[in-house]
Amino acid sequence: MAQETPIHEVRPTTQEMKIPARFIPQPVLEPGHTYASVTDHISSIVLRRKMPFGWYIGFMVGCLGVMLLTSVIGKLIFVGVGIWGINHPVGWGFDILNFVWWIGIGHAGTLISAILLLLRQDWRTSINRFAEAMTLFAVASAGLYPALHTGRPWYDYWLFPYPNTMTLWPQFRSPLMWDVFAVTTYATVSALFWYVGLIPDLATLRDRSNSFFGRKIYGMAALGWRGSAKHWYRYETAYLLLAGLSTPLVLSVHTIVSFDFAVAQVPGWHSTFFPPYFVAGAVYAGFAMVLTLAIPFRKLFHLEDFITIKHLENMGKVMLATGLIVFYAYALEAFFAYYSGNTIERYMMMNRAFGPYWKMYWMLILCNGVAPQMMWFKRLRTSPGWLFFTAMFVNVGMWLERFVIIPVSLHRDFLPSSWGMYHGTVWDWGMFLGSIGLFIFLLFLFVRVLPMISIFEMRTLIPGSHAAEGTE
Amino acid sequence: MTEVPVRGAAPSAHIGRFQKPALIVGVIGLAASALGWLLDPQEFFRAYLPSYLFWFSIVAGSLAVLMLQYTTGGEWGLMIRRPLGAAARTMMLMAVFFLPLLIGMKHLYPWTNLDWARHDEVVSQKLGYLNWVRFLAFAVVYFLCWIVWAWRIRALSLKFYEDRSPFTDLARRRWAAAGLPMIVLTLTFASIDWMMSIEPKWNSTMYGITFTVGCGLSAFAFVTFFLSRMADTPAMAGILKPSHLRDLGNLMLAFVMFYAYTAFSEFLLIWYANIHEEIPHYLIREHGGWGFLALMIVLFHFFLPFFMLLMRSIKDRPDTIAIVTVVVIVMRYVAIYWLVAPSWYGEHFHYSIWNLTSLIGIGGIWLYAFIDQLKGQTIIPIHETWVEEAIREGAVRVNA
């Protein structure tokens, strides 16, 4: 390529220019760490004898919650779903509402572990283990509700298509049946993904544990991991395959959950944009929950070097983006209620905003629509305190969203003569609080016995490692 | 100080040669369309709208993807910033091409017929929205927003070229980030105004999302096609790596899937609920010639690009990915036509000569304007600090 004109222009490079501190990218791992210090710090949380005081408090709260949950379930099994607030015309109340809330929370784990992995976002490394565990526990809490809502949970196996002599076959035309398969697949793949990711770390714990039982139990769980090149090769392949499998699950599960409502003709439920709206809402709720848990845990176990401000800020950004999608959905719902030209659709919207549950609706707008706008400001999204504050708004907001969609749409439908009011009973609330207790219980148990941050993946972030140099 | 290669002269020499033929084809197309306007105005306007929307979707999509790139950063946008920016800045031309639609409103939108609209039980309820004053006012706002954002980002890019201050970069990122909610909202309402209101009794909340995603897909397909044609020119030789095309191919795959997801969900939910007010939209679109188009969309708007874009050997090579982009671009037109035209010609398939003349008329002039915007600058945004570093390092990591 012969060119007469000069093909080189001389310009200063980045290094030669003075760049203000705020533009220098923040690290995903604070400087000064070595392979040993990372391994020591994270594994010592599990292997030491005494936990910080805060852990005992949290664990106790979790245990109390589980006790509450078991009592409520006991009562439910003896008496039946009549103890709940559901009745004509609201036949779907706290049970499905809390199911959707919990399932949504789980989505952040899958998004962080699978999609961010495929998108090569290395900041996911220190939060993925933790978020995946959160996914599993959220799915466990979610799964309780439909299982118990059948009224006779001992017949729940009827939901599965198996050859039987009762001429019984699931109704596959119903999205509720699709839910059974979507959620069980989701739980299975998430559990596998989480466990496969844990194997190299379990081997680390096996090698470092001082107790006999520790070595045996971690050793069995590590499945004979020796860290050979062949092991790593197979591990990487399996992990990538599972990431590929998990990715569509982020979309499919909440899409099908949204179908539970959107296939119906109920005003407020039948809306074609429900699938992406629910998926965005799920990711939104999930990131809020990751922040809600990560910020205190980071403090409690002194993990500031691993879960840095950059992680928190990125999660704040994801929350802002998904929050805007959700807000867009609220705006469109209101607009289309008008644009439909349909009396009943319009009434549904008026009833939401000015009917007996108006407080719920406006609190929802405040929590999910207005509060996350704080995340536009760098100062607020780099402050753990503000992030925690915003995340709490979103946690509440996402619950309110489901309340506004489910019972508020049902309580006044086409015929004024069949209108009614809905309130959760003490048993509804007990079960909700109990499921939160179960979630907390499992989470605190998890941080006690398993490394909450992936040790071997953190090691790849240390300057000088192959992965950090981009040669992997 | 470091030397950075500048390849400014090359692109114009190679793209520039298409400019005059594009203009000639465009003028001929528009002249023929003008004949259509005189002979059969209704037929002409109903042909003009889908053609306009097709080219508009590339322009609007380019602006959206450009803002996404400036907000998120990322190497995927390295090679496409310039063509996206050039396409986005043709929005002014799109505003001019919009004017005939205002003149032909009565042929396009049934709600402009007030005698009918006032007496229709449903449409009479929403004349507060469906009226020409609001339609015009909103269109002005949409175009103002799009033009302001396209040019503001351009101005900040030029400023960045001069001062290379991170503050300028930050200002551009802020504009881009604020522009994303703007463009999603405006495209949603533009699609309601310009497309959905052709069937004033029908509505679907997914419509605007599907249209917005479709715009993004059009833009990705167009710039990827453009880039693949540039691969052998001196401007790009040695810089465009398979990984760049692969990244774009993956993004195109994501948009192909996203479009299919929204479009299929919309169909499934309406089919399942089977409500009298909603199903006519699909009933007319799944029979006869329209049904055939629907099948084509399923096969060639989704399945074919989906499977092709899964394969790395197709994504990595300019010649093979170009085939996928052509399939996608053609199908974008088919999909837009299938969404718009059956609303008027529900009984049987209809396609007139004016569809073709307006398509190449607008397209020719638009291509001329696009090349004009692109001329005189490097295809790669070479002055961006991180880009020059990327080029020095061979522009690419093995896996990036």
Side-chain angles (χ1 to χ4, degrees), chain A residues 1 3-17 19-20 22-24 118-120 173 175 248 251 255 258-259 262-265 269-277 279 317 320-321 324-325 327-329 331-333 335-336 338-343 345-346 376 470-472, chain B residues 1-10 121-126 128-130 164 166-167 169-170 177-178 180-181 184-185 188-189 192 200-201 203-209 234 237 258 261-262 265-270 272-275 277-278 382-383 385-386 388-389 392 397-400:
Chain A
M1 186 174 58
Q3 282 197 352
E4 297 298 313
T5 46
I7 61 159
H8 295 292
E9 184 192 15
V10 179
R11 298 189 68 89
T13 65
T14 323
Q15 288 84 1
E16 288 152 358
M17 293 175 63
I19 292 186
R22 63 176 296 194
F23 293 108
I24 295 171
L118 297 180
L119 293 178
R120 300 187 293 265
R173 289 179 200 166
L251 288 174
T255 296
S258 81
F259 285 169
V263 297
Q265 300 183 346
W269 285 15
H270 180 67
S271 187
T272 49
F273 74 170
F274 259 33
Y277 159 37
V279 172
K317 284 179 181 169
L320 175 64
L324 285 170
I325 299 176
F327 202 20
Y328 164 86
L332 276 200
E333 264 184 332
F335 171 75
F336 273 99
Y338 162 78
Y339 185 80
S340 68
N342 182 318
T343 319
E345 288 282 339
R346 284 184 177 184
W376 282 103
T471 50
E472 195 177 71
Chain B
M1 293 285 171
T2 315
E3 291 178 337
V4 172
V6 167
R7 295 160 192 256
E121 203 173 336
V122 177
V123 182
S124 60
Q125 298 284 320
K126 43 183 167 179
Y129 187 82
L130 293 180
R164 294 168 49 101
F167 288 99
D169 190 35
L170 183 66
L180 287 175
V184 172
L185 271 180
T188 301
F189 280 92
I192 295 169
K201 293 185 181 198
N203 74 84
S204 163
T205 45
M206 186 74 103
Y207 203 83
I209 302 168
F258 196 14
Y261 169 71
T262 58
S265 302
E266 187 179 25
F267 170 75
L268 180 81
L269 290 174
I270 287 177
Y272 200 118
N274 205 21
I275 297 174
E277 286 96 329
E278 291 185 341
I382 215 152
H383 59 283
T385 44
W386 61 279
E388 74 188 33
E389 278 156 22
R392 244 197 318 278
R397 287 176 294 159
V398 181
N399 224 352

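In what follows, chains carry the letters A, B, and so on, assigned in the order in which the sequence lines appear, proteins first and then strands, with residues in each chain numbered from 1.
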Participant: Begin with the C-alpha distance, continue with both residues' side-chain angles, and end with the deciding distance and a verdict on side-chain contact (heavy atoms from CB on, under 4.5 Å) for Asn342(A) and Val122(B).
Facilitator: CA-CA 7 Å; Asn342(A) 182 318; Val122(B) 177; over 6 Å; no
Participant: Closest approach of Pro275(A) and Met206(B), non-hydrogen atoms and distance?
Facilitator: CD-CE, 4.4 Å
Participant: Any idea which heavy atoms bring Ser271(A) and Leu269(B) closest together, and the distance?
Facilitator: O-CD1, 3.9 Å
Participant: Do Thr188(B) and Tyr328(A) get their side chains close enough for a donor-acceptor pair, meaning under 3.5 Å?
Facilitator: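 Yes, side-chain donor-acceptor contact under 3.5 Å.
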Participant: Ring centroids only, cut at 6.0 angstrom: are Phe335(A) and Tyr129(B) within range, meaning strictly under it?
Facilitator: yes
Participant: What heavy-atom pair brings Ser204(B) and Phe336(A) nearest, and what distance separates the two atoms?
Facilitator: O-CZ, 3.6 Å
Participant: So which of Ala262(A), Ser258(A), Ala321(A) has the largest heavy-atom pair count under 4.5 angstrom toward chain B?
Facilitator: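 The candidate making the most pairs under 4.5 Å is Ala262(A).
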Participant: How many angstroms lie between atom CD1 of Ile325(A) and atom CD1 of Ile209(B), to the nearest 0.5 angstrom?
Facilitator: 9.0 Å
Participant: Do His270(A) and Ile275(B) have side chains that get closer than 4.5 Å, going by heavy atoms?
Facilitator: yes
Participant: For Leu130(B), which atoms come within 4.5 Å of any heavy atom of chain A: side chain, backbone, both, or neither?
Facilitator: side chain
Participant: Gln265(A) and Asn274(B): which non-hydrogen atoms are nearest, and at how many Å?
Facilitator: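 Minimum heavy-atom separation between Gln265(A) and Asn274(B): NE2-O, 4.3 Å.
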Participant: Would a line drawn from the ring center of Tyr207(B) to the ring center of Phe273(A) be shorter than 6.0 Å?
Facilitator: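 Ring centroids of Tyr207(B) and Phe273(A) are no less than 6.0 Å from each other.
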Participant: Can you tell if the side chain of Phe327(A) reaches within under 4.5 Å of the side chain of Pro181(B), non-hydrogen atoms only?
Facilitator: no
Participant: Ignoring hydrogens and geometry, is there a side-chain-to-backbone donor-acceptor pair from Glu266(B) to Thr272(A) under 3.5 Å?
Facilitator: no
Participant: Give, for atom CD of Glu277(B) and atom CD of Glu345(A), the distance between the pair rounded to the nearest 0.5 Å.
Facilitator: 9.0 Å
Participant: Keeping Lys126(B) on the side-chain end and Tyr339(A) on the backbone end, is there a donor-acceptor pair under 3.5 Å?
Facilitator: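 The answer is yes, because a donor-acceptor pair under 3.5 Å joins these two groups.
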Participant: Quiz question: by atom type and distance under 3.5 Å, do the side chains of Thr255(A) and Tyr261(B) form a donor-acceptor pair?
Facilitator: yes
Participant: Of all the heavy-atom pairs spanning Asn203(B) and Ser340(A), show the shortest one and how long it is.
Facilitator: ND2-CA, 3.4 Å
Participant: Mind checking whether Tyr277(A) and Thr205(B) have side chains closer than 4.5 Å, heavy atoms only?
Facilitator: no
